[in-house]
Asks: 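Have a look at this one before I ask anything.
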Amino acid sequence: MLRLAAAWAWMRWRLAVNSLSRRRRNDGIETASRILAILVPVLFILITLPIAAGLGLGGLFLGKNLFEGREMQDTATIVTRLVLAAVTVAMLIAPVLRSGFGAGVTINRLVLMPVSRHALHLQQIVSACTDPWLLGIVPALVLLPAGVAASGRPGAAGVLLLCGALTVMCLALIGSVAASGAALLFRRRQRAELISLILILAITFAAFLPPFFADRAEDRDTEVEFSLKVTALKSIPFWTRALPSENYAGVVSDLVQTGGSRATAGVAVLVVAVALLYLLSLAIFQRRLLIPETGGGARGSRTGEPYWLQLPLVSPTVAAMGQAWFRAYTRTIRGKVAWIAPPLFLVVINLLWSRNLMDVLPGSMVIYKGPMLAQFGILLTFLTLNPILLNQFAVDAGGLSASFVLPVSRLQVLRGKQITLAMMAAPVVAANIALAALLGRDGPLLAWITVPLNAVAVFAVLGIFGANLSVLLPRAADLNSIGNASNPHPLSNFVGTVVTALLVAPGAALGIIGWRGLPGWTPMALLLIWIMLAFFVARYLERITMELLDKRRENLLALARGK
Amino acid sequence: MINGMDTTLSTTDPAIVTRALVRTFDDFRAVDGIDLHVPRGSFYGFLGPNGAGKSTTIKCLTGLLPPSGGDIEILGLDPLQEPLAVKRQVGVVPEDLALIERLTGLETLQFVGRVYGIAREQIRDRSAELLTLMDLTDAAGSQVVDYSHGMRKKIALSAALLPAPRLLFLDEPFEGIDAVASRQIRSLLRSYTAGGGTVFLTSHILEIVEKLSTHIGIIHRGRLVAQGSTAELKTAGGRSGTLEELFLDRVGAGADEDAVLDWLS
Ligand SMILES: Nc1ncnc2c1ncn2[C@@H]1O[C@H](COP(=O)(O)OP(=O)(O)O)[C@@H](O)[C@H]1O
Ligand SMILES: [Mg+2]
């Protein structure tokens, strides 16, 4: 067991070291880009460390004053419940985000070696223990009992410490179950993609839920509302005790209220939970080992004649490349999200709008709701397309090689990419305009006409700017992953997001609020000037990108393969 | 090219010529001054042990990697000056196969056909024939991402053949391909060269190269250690004449035929 752990640790260490040293020639840009990419996890650690420390100190303080009064008990119960519930959810979701089809390679290598399944299973649990979410609450779970002990109640402190340890084990086991379960579910490519798509949409929209609840609260008396919430959070129905997070909070309140008479039951529940979770996790893990990953199976699928459009204004070669990549990208999860998410977001924004936004505006100002939603749709469209757009030369290694082997010029490749992205964005922008017209039937016709024009102006610059960024800062991305693996380089992601917003803003402003006191055609004239400017900038950027593409061809080819 | 010779009309001028071709990675010389001479219509087997520099050479010849030094001439053209004119006459199966994973097999072929500007009916007929020949008809509607290793090779080879190129670059085409398909591909390539096409193929499998090649080059540690017609090379130096002997002789490795790992028995 120890030998296995040592070998495992050594392997991870070598992987980390090897990823830093390489023999391939890399230019200055690449070195800088790699340093930037390393900075991100460093930043992450810099942010999470203080949070963990803060939680720990908070725990110490709460522990010391736990028996001092009701308010302290309420706070302790609520905080522990919320934090532990958040970590439970994170332990369920994080492994799923991290996995995905093809993530099982390391475990497959281990299965070939003479290592027992139980040892492999333990290894998985231990690595779940090192999940940052879980590590983050460990200081608090240790310092809370320490505080209690310091206030002169060693018995209660012991019970809390034991419960804390059992809770951590439960959470690690939940993480392990989630990881194995995800691996089982993701065994087949098609199924993996469907589940991932549903999951990514669900998670994205879950982020919109809090504002809705917050909205309702505003109508009522805030004090009453708050105390209502406190009561709701405090009273724990007994059945929820089966959840480790709830149980821990339950033990805390038992200790204070009943002096610990029910604490034994709480500990017993946790022990049973650990045992059951262990058995469940082992069962799923073994099943996962037995059933290897498979592709979708390449036989017996429909063979309809593929259709190819003749596109206006471009050569058949560029049209072919554009459509090939269009198909390839829209079949990935990120590609599908780029189609589905923006209209859904628009509906959510519409709901938020009717509640809040109008009240914030000064009374003298008029904003047309429909055109504004439509302009917002442009922003949403490009933000969801950005993982592909900002990384357009690194999301498809095979296609990149192909474009260097086939008889196509650099300019044709670049134009082909722009065609692809335009084909992906245009239907979404159109759908958003239609949706916006349904949701808000106001505004003059000219305000509506500015919407597609603005989209054209934004895309003219953004498409080629994205090409530029992706040549400068390519990152090998898997468009089928729902986690970080599908994202562009962090710096290009940041710059790209800012630039997207900046590009959408002027045209959108002209379309939404540019009317007061001006003749009706002025905004349109300004917008046309803006479009001409955009195309001028795009031509200039195109030339830069071509030169860069020439210079960085080799690095691109290597990086697109993740080397 | 030899001075004074008419290079445009002659059918005997070489398909590929390189002079002192060099490709370095930092200070490591993966290809170290190679003078290739591949006659038109020949089946040129480019042999070498793993890591000898075969793939790097093919990448330099096909435009995937810029060479660090030396000259290249392909079908009488300089690929660095006229890359498109060269690529239009050339089909390539590179090391990584250069396949768009999310296209189906059929779409892959149609995509390549369209990029080369081939007429639609012609693309349809040729794809159907190629898919049948490669036994990929059933999988034609599946995405390449779901293909097995051998199926990928076969669809990449089909894509390289579809535009009917004058010259084919194949990097390890037989590796991972089953016996039936391998036999079919071999006979296909034979009739291709009989019709005037040139094949430049890398491999580390001597048997296949020995059976197919009219010409052979052997690369070792980035240097060309033998080159010539197969018959010539086999009998050169008064050797009894198997390719394996020549190979082992030139590459020098594995001379210790009785290598034994004591602890393994
Ligand atoms: N991009 C690269 N960066 C650094 N070294 C490389 C690169 N590509 C190939 N090499 C090295 O060049 C040598 C020749 O590789 P390659 O041409 O792929 O050999 P093979 O004959 O097996 O095809 C190997 O030692 C390989 O490690
Ligand atoms: Mg090779």
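Chain naming here is simple, since letters A, B, ... match the order of the sequence lines and numbering starts at 1 in each.
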Asks: Looking at B:Glu101 and B:Arg152, is there a salt bridge between them, counting it only when a charged N and a carboxylate O are closer than 4.0 Å?
Replies: yes
Asks: Check step by step if side-chain contact (heavy atoms from CB on, under 4.5 Å) holds for B:Gln89 and B:Leu167.
Replies: CA-CA 7 Å; B:Gln89 307 180 60; B:Leu167 169 60; over 6 Å; no
Asks: Under the side-chain contact (heavy atoms from CB on, under 4.5 Å) criterion, do A:Val314 and A:Met321 qualify, and how do the steps go?
Replies: CA-CA 11 Å; A:Val314 295; A:Met321 281 192 294; over 6 Å; no
Asks: Do any of residues 331-339 of chain A have a heavy atom less than 4.5 Å from a heavy atom of chain B, and if so, which, in residue order?
Replies: A:Arg331, A:Thr332
Asks: Under the side-chain contact (heavy atoms from CB on, under 4.5 Å) criterion, do B:His204 and B:Glu172 qualify, and how do the steps go?
Replies: CA-CA 8 Å; B:His204 54 259; B:Glu172 308 271 4; 3.1 Å; yes
Asks: Under 4.5 Å from any heavy atom of chain A, what part of B:Leu97 do you find: side chain, backbone, both or neither?
Replies: neither
Asks: Angle class for the B:Phe111/A:Trp308 ring planes (parallel below 30°, perpendicular above 60°, tilted otherwise)?
Replies: parallel
Asks: Does B:Lys54 come within less than 4.0 Å of B:Glu175, counting only side-chain N to carboxylate O?
Replies: no
Asks: Please test B:Asp171 against B:Thr202 for side chain to side chain donor-acceptor pair (under 3.5 Å), starting from the C-alpha separation and ending with a verdict.
Replies: CA-CA 5 Å; B:Asp171 198 346; B:Thr202 77; 2.7 Å; yes
Asks: Run the numbers on B:Leu21 and B:Leu36 for side-chain contact (heavy atoms from CB on, under 4.5 Å), then give the verdict.
Replies: CA-CA 9 Å; B:Leu21 180 66; B:Leu36 285 176; 5.6 Å; no
Asks: So which bits of residues 408-418 of chain A come within less than 4.5 Å of chain B, counting non-hydrogen atoms only?
Replies: A:Val408, A:Ser409
Asks: Looking only at heavy atoms, what is the nearest atom pair of B:Ile123 and B:Leu109, with distance?
Replies: CG2-O, 4.4 Å
Asks: Verify the neighbour count for atom CZ of A:Arg191: are there more than 12 heavy atoms of other residues, nucleotides or ligands below 6.0 Å?
Replies: yes
